[in-house]
A.B. asks: 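Before anything else, here's the structure in question.
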Protein chains: 2
Amino acid sequence: MKVRQLTFRLLQVYADVVRTGSITATANRLHLTQPTVSQQLKRLREIVGEPIVRQEDSRVVPTEVGQALYQLSQDLLSRADVFSQYLDEYNRGGRGHFSIGLVNTAQYVLPRLLGPFGQANPQVDVTVEIGNRQQMLNRFERHEDDLYVFSHPPSDDAVMAAPFLSNPLVVVGPENNRWANINDLTMEALKEERFLLREPGSATRHTFDAWLYSAGIELHSTQQIASNEAIRLAVASGMGLAVLSRHVVADSPKGVQELPLQGFPLKSRWHFVVRRERRLPPAAYRFLSFVQGVLALEFNETEGELAVAELLRTLDTERR
Amino acid sequence: MKVRQLTFRLLQVYADVVRTGSITATANRLHLTQPTVSQQLKRLREIVGEPIVRQEDSRVVPTEVGQALYQLSQDLLSRADVFSQYLDEYNRGGRGHFSIGLVNTAQYVLPRLLGPFGQANPQVDVTVEIGNRQQMLNRFERHEDDLYVFSHPPSDDAVMAAPFLSNPLVVVGPENNRWANINDLTMEALKEERFLLREPGSATRHTFDAWLYSAGIELHSTQQIASNEAIRLAVASGMGLAVLSRHVVADSPKGVQELPLQGFPLKSRWHFVVRRERRLPPAAYRFLSFVQGVLALEFNETEGELAVAELLRTLDTERR
DNA sequence: TTACACCATAGATAATCATCTATGACTATA
DNA sequence: TATAGTCATAGATGATTATCTATGGTGTAA
């Protein structure tokens, strides 16, 4: 058999001829003329190298080889069809894979979005990458993921960012600390305290530093700790105060307490970040839609919803 | 996906590109130029409606969709390949089906050929049809079988016949009958006996009638019985004498005995009969070859072997 | 025996395919 | 920064394909 020349079209036509038992009938069904179908059969026969049908009592019936070929056709065509359905589902985003890179703090909230999304889309497979800002920037540079969440989007022309969720930064101290109930507490009053800070380059640190600078305050004692979790534990054990995302604290508030500091919480927001030129996997697109749908309702983030809607719109226009 | 336009050639090329990870390498392997392969990919991509490969570190790697497509390709190609192998095997005659129509008497010998053939060719499926001469002629007229065994081939221009096995007709009587040990026994001596005969039209009957006619003998008492087996039993129970194929007697000799009649056994032969215009299934051809191979050795039928060899030769030249 | 239904073949044509050569862009390496 | 290797695109061409209309053969059913 000359497999090279075999076409799905031929198999389709052939299968229909076997089913109807008539060349003319197939021609009508497929909106072709009878000679066209005759010739397709002839060509298929040449490809196979063996008679595949014969005339019998005014019906066209497959030969022994023809029957085997018919089964093959059914098999191949249905497999192609399954693939076609997979493609549709993939394009609808209901199936497939995407990867999302999260900056550390975001790992405390994203599960609240990814979880329900995963429930609703069991066929979608999400890879979550987590790292500090620098690590994520590296991944971003190397195009390693489809979607990122940053507090401060990388400044890159090829980037689209949508701030979707506020990330309030609060000052926390150990549980039942002495400032907890003071009104009009200011940073001025705390500047002698030791502050446990994330590394420079982390968004939390950057935001806090900027605020301190603009407020003209300099801290006396600081210690650098590279993980939100470690900082939280250190605060709980009385090593000092810290600035953390309120989400970090909300996630497991044991042993720490937010201080009612004036000017706080500092406002900051997480952004979805995608590359302009990268074709977003439909599943990732679907995730963004999903998020857009729940932001206002479940997170009271009307602004975020708008930003994501805008992002989706842009993606739509850029797509294909 | 535009399944209509999908070609096995495209899948072959694509699969190779995925395997090698290089368009140039595939071009060389398939004796094409690099742009040709590039364009094939492009076309496949258009058919699928989705990017299927991307460049990554000087390698061509499939996208997510591409991977699914690759699996599909493998699957489809290997199925086509299996079919191709089936075709080869079918053409070699080692696989497939044929039907053979036997005239009654032949059923006593043909198993000795069909049995070993079936053993040697377990993938070949044989349908054996059995009937009296008239029934077989009807089947023959209606082209119902691929191959026939007749004692007297139908006289038809469209027929090829090869006498392959002698079918000696003998006169039998009950065991230990009074003629058994007489020398120079002639039909003349027996003509007062009752003869149990097959129906007119049966080959055995026809041969015997012809012999009687040429010998100028008329039987006094006859009875017609339509089955060799029934005749054998009737003879055994003393109802009369009969003319039967020696093979019938040899098959189950209980209760009957061959008479040493002058001029007997009558010579007759079985013929393989095929229609000229009918394309013989390879399996049937293989059966004939098989028979040709054993005739001289196992049946001492040198003439038969030659006749079958001649038949095979003719089939060869007429084939395709 | 005449119609009719069905299929095959011939001949024509526009589209598409399979290829090639030439060339340009990009990337990794010497 | 040359250089070599890998792809993509453009343009050309002969072969093949998908189709059609027209016509002729064959067998079945009035």
A.B. asks: At 4.0 Å (heavy atoms only), tell me whether Ser22(A) reaches a base, stays on the sugar-phosphate, or touches nothing.
C.D. replies: sugar-phosphate
A.B. asks: Between Leu32(B) and Gln55(A), name the one whose nearest nucleotide on DNA chain C is closer to the 5' end.
C.D. replies: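 Upstream on the strand: Gln55(A).
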A.B. asks: Would you mind classifying the nucleic acid contact of Val60(A) as base, sugar-phosphate or nothing, using non-hydrogen atoms under 4.0 angstrom?
C.D. replies: sugar-phosphate
A.B. asks: Would you please say whether a donor-acceptor pair under 3.5 Å links the side chains of Thr26(B) and Asp16(B)?
C.D. replies: yes
A.B. asks: Which nucleotide sits closest to the side chain of Gln34(B): dC20(D), dT19(C), dA8(D)?
C.D. replies: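 Shortest atom-to-atom distance from the side chain points to dA8(D).
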A.B. asks: What is the distance from CG of Leu41(A) to P of dC7(C), rounded to the nearest Å?
C.D. replies: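 My rounded result for the distance is 10 Å.
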A.B. asks: Rounded to the nearest angstrom, tell me the gap between atom CG in Leu10(B) and atom C1' in dT16(C).
C.D. replies: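 One finds 12 Å between C1' of dT16(C) and CG of Leu10(B), rounded.
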A.B. asks: Send over the distance from Lys42(B) NZ to dT16(C) C1', rounded to a whole Å.
C.D. replies: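 These atoms are roughly 14 Å apart.
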A.B. asks: I'd like to check Leu311(B) versus Phe164(B) (side-chain heavy atoms, cut-off strictly below 4.5 Å). Are they in contact?
C.D. replies: no
A.B. asks: DNA chain C: Thr24(A) or Arg4(A), which has the more 5' nearest nucleotide?
C.D. replies: Thr24(A)
A.B. asks: Can you measure Leu6(B) atom CG to dT16(C) atom C1' for me and round it to whole angstrom units?
C.D. replies: 15 Å
A.B. asks: How many whole angstroms separate atom CD of Gln12(A) from atom P of dT19(D)?
C.D. replies: 11 Å
A.B. asks: Can you tell me how far C1' of dC17(C) sits from CG of Leu44(B), to the nearest Å?
C.D. replies: 14 Å
A.B. asks: Has Ser38(A) got a side-chain N or O lying under 4.0 Å from the OP1 or OP2 atom of dC7(C)?
C.D. replies: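 Checking Ser38(A) against dC7(C): no side-chain N or O falls below 4.0 Å of OP1 or OP2.
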A.B. asks: Counting only side-chain heavy atoms from C-beta out, which of dT19(D), dA10(D), dT17(D) sits nearest to Pro35(B)?
C.D. replies: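 Looking only at side-chain atoms, Pro35(B) lies closest to dA10(D).
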A.B. asks: His206(A): what forms a ring pair (Phe, Tyr, Trp, His ring centres under 6.0 Å) with it, not counting sequence neighbours?
C.D. replies: His152(A)
A.B. asks: Which is more 5' along DNA chain D, the nucleotide nearest Gln5(A) or the one nearest His31(A)? Just name the residue.
C.D. replies: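 By nearest-heavy-atom nucleotide position, the 5'-most residue is Gln5(A).
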A.B. asks: Salt bridge or not between Glu129(A) and Arg139(A)? Use side-chain N to carboxylate O under 4.0 Å.
C.D. replies: yes
A.B. asks: OP1 or OP2 of dT19(D) less than 4.0 angstrom from a side-chain nitrogen or oxygen of Thr33(A), does that happen here?
C.D. replies: no
A.B. asks: To the nearest Å, how far apart are Arg54(B) CZ and dA8(D) P?
C.D. replies: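 Interatomic distance, CZ of Arg54(B) to P of dA8(D): 14 Å.
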A.B. asks: Between atom CZ in Phe8(A) and atom C1' in dT17(D), what is the gap in whole Å?
C.D. replies: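 That distance rounds to 18 Å.
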A.B. asks: So, Ser151(A) side chain and Ala203(A) main chain: donor-acceptor pair closer than 3.5 Å or not?
C.D. replies: no
A.B. asks: Assign Gln39(A) to base, sugar-phosphate, or nothing according to its heavy-atom contacts below 4.0 angstrom with the strands shown.
C.D. replies: base
